[in-house]
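To keep things clear, I will list the structure first and then write my remarks on it.
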Amino acid sequence: MSKFYVTTPIYYVNDVPHIGHAYTTIAADILARYHRQRGDDVFFLTGTDEHGNPAAQAAARRGLSPQQHVDEMVVKFKALAEQVNATNDFFIRTTDSEHCAKVQAFIQNLYEQGDIYRKSYRGLYCSSCEAFYAEKDLVAGKCPDHGTEPQMVEEENYFFRLSRYRERILDHLERHPDFIMPESRFNEARSFITRGLEDISISRASLQWGVPIPWDESQVVYVWVDALLNYITALQYAREEDLLERFWPVDYHLMGKDILKFHAVIWPAMLFAAGMELPRHLFIHGYLLMGGEKMSKTRGNVLDPFQVMDKYGVDPFRFYCFREVIFGQDGVVSLEGFENRYNSELANDLGNLLSRTLAMIHKYRGGVLPDPPPDSGGELSAAATVLAEQLAASMSRVDLSGSLELIWRFVRSLNKYVEDMAPWKLAKDQERSLDLDAALYNLAEGLRLCAIFLHPYMPDTTLEMLRQLGITPGSSELQLQRAEWGRRSGGASVQPGKPLFPRLD
RNA sequence: GGCGGUGUAGCUCAGCUGGUUAGAGCAGCGGAAUCAUAAUCCGCGUGUCGCAGGUUCGAGUCCUGCCACCGCUACCA
């Protein structure tokens with residue numbers, strides 16, 4: 001058994017939860033569930049980033065304290081995780097007192113070992129970005145992101161000796177070509193690190209809503225330093241015992257490209273400074289695009305994830321996101337696309353396959369799964385074995401969409417098998433009773449494996465599949481080990497139920 | 001401006017280190033079947049493989065230039 005630690009970024013509470021948050025969280029959940037199926041010791045972390053100026057300002061506008069404000073906002077993100085059926089092992093908030101204390105201890109340590117120094121700094125500061133801008137980066141004198149005019153501020157700040165770690169980071173990239181995935185992001189990161197790194201200010205004097213610098217409480221820790229440390233601190237207080245030893249380092253940090261730099265530069269440098277192991281992989285996924293300029297509500301190609309989940313269920317939505325868009329690339333999603341996939345693949349290919357299989361077992365064998373005649377697995381059992389191997393390979397590359405493609409080829413082969421065997425003909429011929437047994441068993445067995453393989457993607461629906469197949473789905477039934485052809489004998493009563501995925505019209 | 005990427009059937013995309021008639025899914029058309037959520041299965045695609053050159057016995061697959069779009073990054077104003 002090995003351990004598996006996967007994270008989403010912590011989401012900034014001032015955002016409204018959107019499809020991007022859902023996408024990352026679902027991806028992490030798929031990985032977490034998959035590794036649990038393998039029997040790995042899994043820790044799946046998500047949470048919220050709650051410090052910083054925007055949150056403080058929003059609170060002020062509402063006449064609330066920052067704490068009151070974030071306490072309200074965090075609810076939406078917890079609800080999101082629940083809504084997408086995420087099995088996160090912990091939900092961290094950067095306002096947790098334990099987190100704050102650990103952040104202080106972390107930077108105190110860096111300070112004492114000389115990685116942090118004091119320096120006065122003067123520049124144009126955008127308080128929304130919490131970042132300094134050079135004149136040249138401004139658009140018409142205003143912040144390119146916020147359209148507001150930055151203030152000239154002069155602060156005594158604490159600086160982290162980022163430049164000191166450039167060589168080590170580059171060396172690490174050299175030795176670990178899969179540190180940043182996909183490859184294009186790796187190259188991108190290497191190129192900007194190669195260009196050179198400057199020390200960064202890691203404190204803010206003009207702010208109160210943050211973690212105080214322990215040796216100088218007039219300043220607070222820069223939000224990104226605060227935020228990145230969540231990946232460590234969560235392990236230290238999520239449970240009674242400290243889980244750091246058990247789960248560190250992170251196996252996969254999932255994120256969008258907008259925060260690659262922080263994770264590829266500041267984060268490794270911080271870990272080097274602390275003498276800690278670096279994450280095994282950063283995986284940068286793409287954006288789900290909503291049809292771009294052709295977006296039009298009347299054309300039905302806008303996709304509101306919450307509307308889709310409410311109307312069609314979480315599982316079809318989870319499936320669609322990873323079926324439609326190659327994980328790691330940008331892709332266009334739309335309601336129309338969702339409905340097409342839903343009907344052709346979920347309703348027609350998979351749902352209907354289950355229905356017809358169970359109906360035939362019911363009609364020809366009184367609802368009892370026949371025992372398989374000896375050596376009757378044939379090509380299907382061979383295909384299932386190959387599939388299991390291919391899936392292991394594609395999941396190890398975090399190719400979530402490629403895995404679904406592999407599974408779907410198998411689903412199609414099962415539908416083809418029905419036509420080839422034509423059980424309705426076999427049923428008319430007493431002589432071919434064993435052939436009918438084999439056909440029915442093989443279909444049920446193929447579906448059982450599909451349910452196991454698809455479980456990380458569609459957790460609820462696959463449990464229902466197993467139930468209808470006559471399997472009481474305890475967690476051991478979902479283990480990947482069980483996804484071996486023929487591990488089930490006949491005798492169970494199938495339980496045909498409502499269609500798994502009713503067709504949309 | 002620099003670096004990198006992309007451009008293949010109506011749509012979404014596969015095509016690794018160059019080699020038989022360029023593939024898949026969807027959509028469309030025709031047929032078979034009737035177990036099933038009228039679902040399934042079978043058949044049907046002469047596509048300037050962005051454009052123009054080049055290397056090669058042979059290039060979608062390598063080289064050069066160009067065009068379009070995207071990402072990162074720099075700079076002028």
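Here is how names work: the chains are called A, B, and so on, in the same order as the sequence lines, proteins then strands, and each is numbered from 1. Values below: all heavy atoms of this structure, side chains included; hydrogens, waters and symmetry mates excluded.
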Checklist entry - Atom OH of A/Tyr441 and atom C1' of B/C35: how far apart are they, to the nearest Å? => result 20 Å
Checklist entry - Between B/G71, B/C35, B/U37, which one does the side chain of A/Arg185 approach most closely? => result B/G71
Checklist entry - Counting any heavy atom closer than 4.0 Å, what does A/Arg190 reach on the DNA or RNA strands: base, sugar-phosphate only, or nothing? => result nothing
Next on the checklist: Before we go on, tell me: are the rings of A/Phe283 and A/Phe327 under 6.0 Å apart, centre to centre?
Outcome noted: yes
Next on the checklist: What contact category does A/Ala347 fall into here, base, sugar-phosphate, or nothing, at under 4.0 angstrom with non-hydrogen atoms?
Outcome noted: base
Next on the checklist: Without decimals, in angstroms, what is the distance between A/Lys416 NZ and B/C41 C1'?
Outcome noted: 7 Å
Item to check | Base-pairing mate for B/A36 - Watson-Crick or G-U, with both contacts under 3.5 Å | outcome: none
Checklist entry - Got a donor-acceptor contact below 3.5 angstrom from the A/Glu445 side chain to the A/Gly486 backbone? => result yes
Checklist entry - Looking only at atom types and distance, does a side-chain atom of A/Ser376 sit under 3.5 Å from a main-chain N or O of A/Pro372, one as donor and one as acceptor? => result no
Checklist entry - Of the candidate nucleotides B/U73, B/A39, B/U37, which contains the atom at the shortest distance from the side chain of A/Asn348? => result B/A39
Item to check | Separation of the C1' atoms in B/C62 and B/G19, to the nearest angstrom | outcome: 14 Å
Next on the checklist: Partner lookup for B/G71, please. Criteria are Watson-Crick or G-U wobble with both distances under 3.5 angstrom; report none if nothing qualifies.
Outcome noted: B/C3
Checklist entry - Given that both distances must come in under 3.5 Å, which nucleotide forms a Watson-Crick or G-U wobble pair with B/U61? => result none
Checklist entry - Do A/Arg185 and A/Glu188 pass the salt bridge (charged side-chain N to carboxylate O under 4.0 Å, His left out) test, and can you show the C-alpha distance, the side-chain angles, and the key distance before you say yes or no? => result CA-CA 5 Å; A/Arg185 297 297 171 196; A/Glu188 200 176 299; 2.8 Å; yes
Checklist outcome for this item: Re B/U55: Watson-Crick or G-U wobble partner, both distances kept under 3.5 Å, found to be none
Item to check | A/Glu464 CD - B/U37 C1' separation (whole Å) | outcome: 14 Å
Checklist entry - Can you find a side chain N or O atom of A/Arg356 that sits less than 4.0 Å from OP1 or OP2 on B/A39? => result no
Checklist entry - Rounded to the nearest Å, what distance is computed from the NZ atom of residue A/Lys257 to the C1' atom of nucleotide B/G4? => result 13 Å
Checklist entry - Is any NZ, NE, NH1 or NH2 atom of the basic residue among A/Arg166 and A/Asp171 found under 4.0 Å from an Asp or Glu carboxylate oxygen of the other? => result no
Next on the checklist: If I take atom CG from residue A/Asp315 and atom CG from residue A/Leu346, how far apart are they, to the nearest 0.5 angstrom?
Outcome noted: 9.0 Å
Next on the checklist: If I take atom CZ in residue A/Arg397 and atom P in nucleotide B/C16, what distance separates them, rounded to the nearest angstrom?
Outcome noted: 15 Å
Checklist entry - RNA chain B: A/Pro499 or A/Ile326, which has the more 5' nearest nucleotide? => result A/Ile326
Checklist entry - When you compare B/A24 with B/G58, how far apart are their C1' atoms, in angstrom units rounded to a whole number? => result 26 Å
Next on the checklist: Can you check the distance between B/G25 and B/G45, where both ends of the measurement are the C1' atom (answer in whole Å)?
Outcome noted: 14 Å
Are any protein N/O atoms closer than 3.5 Å to N/O atoms in nucleotides 5-10 of chain B? If there are, list each pair with its distance.
none

Checklist entry - To the nearest angstrom, how far is A/Asp330 atom CG from B/C13 atom P? => result 11 Å
Checklist entry - Which part of the nucleic acid, if any, lies within contact of A/Leu353, taking any heavy atom under 4.0 Å across all strands shown: a base, the sugar-phosphate backbone alone, or nothing? => result nothing
Next on the checklist: Just checking A/His21 against A/Tyr12, ring centres under 6.0 Å apart?
Outcome noted: no
Checklist entry - Hey, are A/Asn157 and A/Ser201 close enough side-chain-wise for a donor-acceptor pair under 3.5 Å? => result yes
Checklist entry - Is there a donor in the side chain of A/Glu379 and an acceptor in the side chain of A/Tyr417, or the other way round, less than 3.5 Å apart? => result no
Item to check | Polar side-chain contact A/Asn352-B/A36 base: donor and acceptor under 3.5 Å | outcome: yes
Checklist entry - Taking the six-membered ring of A/Tyr158, is NZ or CZ of A/Lys119 closer than 6.0 Å to its centre and within 45° of its axis? => result no
Checklist outcome for this item: If pairing means Watson-Crick or G-U wobble with both distances under 3.5 Å, then the partner of B/C66 is B/G50
Item to check | Contact nearer the 5' end of RNA chain B, comparing A/Asn415 with A/Val418 | outcome: A/Val418
Next on the checklist: Under 3.5 Å for both donor-acceptor distances, Watson-Crick or wobble: does B/A24 have a partner, and if so which one?
Outcome noted: B/U12
Item to check | Worked check of side-chain contact (heavy atoms from CB on, under 4.5 Å) between A/Phe272 and A/Ile169 | outcome: CA-CA 9 Å; A/Phe272 277 135; A/Ile169 297 171; 3.9 Å; yes
Next on the checklist: Once you apply a heavy-atom cut-off of 4.0 Å, does A/Ser191 come out as touching a base, just sugar-phosphate, or nothing?
Outcome noted: nothing
Checklist entry - Quick one: what's the B/S/- string for nucleotides 23-34 of chain B, heavy-atom cutoff under 4.0 Å, read 5' to 3'? => result --S-------SS
Next on the checklist: Please give the distance between the C1' atoms of B/C67 and B/A22 as a whole number of Å.
Outcome noted: 24 Å
Item to check | Under 3.5 Å donor-acceptor, A/Tyr312 side chain and A/Leu504 backbone | outcome: no
Checklist entry - Can you tell me if the side-chain N/O atoms of A/Asn187 get under 4.0 Å from OP1 or OP2 in B/C3? => result no
Item to check | B/G50 and B/G7, which share atom name P, separated by this distance in whole Å | outcome: 8 Å
Item to check | B/G10 versus B/U55 - spacing of their C1' atoms, nearest Å | outcome: 36 Å
Checklist entry - Between atom CG in A/Leu350 and atom P in B/A36, what is the gap in whole Å? => result 18 Å
Next on the checklist: Taking the C1' atom in each of B/G1 and B/A74, what is the distance between them to the nearest angstrom?
Outcome noted: 7 Å
Next on the checklist: Say we look at B/A38 and B/A32: how far apart would their C1' atoms be, to the nearest angstrom?
Outcome noted: 15 Å
Checklist entry - Tell me: CG of A/Leu447 to C1' of B/A36, nearest whole Å? => result 12 Å
